[in-house]
Amino acid sequence: MKDWAFKNSTFLKLGDGESFTGTLQSAKPVTSRFDREKEVMQYQFELEDGSEKLWENGSTRVCEELSDLIGEILKITRRGEGNETKYEISSP
């Protein structure tokens, strides 16, 4: 069921230790779906299977890291939970 949910969702959601690989297509600021008074970055990725997914993240560190990587193939891995979450961004 988890594979079906991933395949049919517009958005990427990662649990602790999960990763995805894709080409960063674009990035833009949007209003957070969870806190209407907060702005987050919405990144659009083309995954290895050709599907397109959106990933929203409010981290300024992640934004700085991704700012010059549009068009690049990236692997993003989530480490941690809640306020302790960190994302590892690398070239596969």
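Any value given below was found using the heavy atoms of this structure, including those in side chains, with hydrogens, waters and symmetry copies removed.
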Could you give the side-chain donor-acceptor pairs of residues 72-80 under 3.5 Å, partners two or more places apart or in another chain?
from: T77; atom 1: OG1; to: S19; atom 2: OG; distance (Å): 2.6
from: R78; atom 1: NE; to: G80; atom 2: O; distance (Å): 3.2
from: R78; atom 1: NH1; to: L14; atom 2: O; distance (Å): 2.9
from: R78; atom 1: NH2; to: T85; atom 2: OG1; distance (Å): 3.1
from: R79; atom 1: NE; to: E88; atom 2: OE2; distance (Å): 3.0

Checklist entry - Cationic tip of K13 within the cone over F6's six-membered ring, i.e. under 6.0 Å and within 45° of the normal? => result no
Checklist entry - Crowded around N8 CG? As in, over 12 foreign heavy atoms under 6.0 Å? => result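 Buried by this count: over 12 neighbours within 6.0 Å.
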Next on the checklist: If you count heavy atoms of other groups shown closer than 6.0 angstrom to CD of E81, is the number above 12?
Outcome noted: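 Counting other residues, nucleotides and ligands, CD of E81 exceeds 12 neighbours.
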Straight-line distance of [X] [atom1] to [Y] [atom2], nearest 0.5 Å:
| X | Y | atom1 | atom2 | result |
| --- | --- | --- | --- | --- |
| L12 | E18 | CG | CD | 10.5 Å |
| S59 | E65 | OG | CD | 8.5 Å |
| E56 | K28 | CD | NZ | 9.5 Å |
| E37 | S32 | CD | OG | 10.5 Å |
| R33 | Q42 | CZ | CD | 8.0 Å |

Only counting residues at least two apart or in another chain, list the ones meeting side-chain hydrogen bond (donor to acceptor under 3.5 Å, both in side chains) with [X].
| X | value |
| --- | --- |
| S51 | D49 |
| E48 | none |
| E52 | Q44 |

Item to check | side chain to side chain contact (heavy atoms under 4.5 Å, CB included) against K7, all qualifying residues, sequence neighbours excluded | outcome: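 None.
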Next on the checklist: Quick one, T21 with L47, criterion side chain to side chain contact (heavy atoms under 4.5 Å, CB included). Give me CA distance, side-chain angles, the key distance, then yes/no.
Outcome noted: CA-CA 6 Å; T21 300; L47 303 186; over 6 Å; no
Item to check | Candidate pair M41 and N57, rule side chain to side chain contact (heavy atoms under 4.5 Å, CB included), full reasoning | outcome: CA-CA 6 Å; M41 290 299 291; N57 186 287; 5.8 Å; no
Item to check | Pairs touching residues 59-92 that satisfy ring pair (Phe, Tyr, Trp, His ring centres under 6.0 Å), sequence neighbours left out | outcome: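 Pairs touching residues 59-92 that pass the test: W55-Y87.
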Checklist entry - Shortest non-hydrogen contact from Q25 to F45? => result CG-C, 4.2 Å
Item to check | Exercise: identify the closest heavy-atom pair between C63 and Y43 | outcome: CA-OH, 3.2 Å
Next on the checklist: Membership question, hydrophobic clusters at under 4.5 Å side-chain separation (ILVMFWY): are L54 and I70 in the same one?
Outcome noted: no
Next on the checklist: Do I89 and L66 make a side-chain contact, defined as non-hydrogen atoms from C-beta onward lying under 4.5 Å apart?
Outcome noted: yes
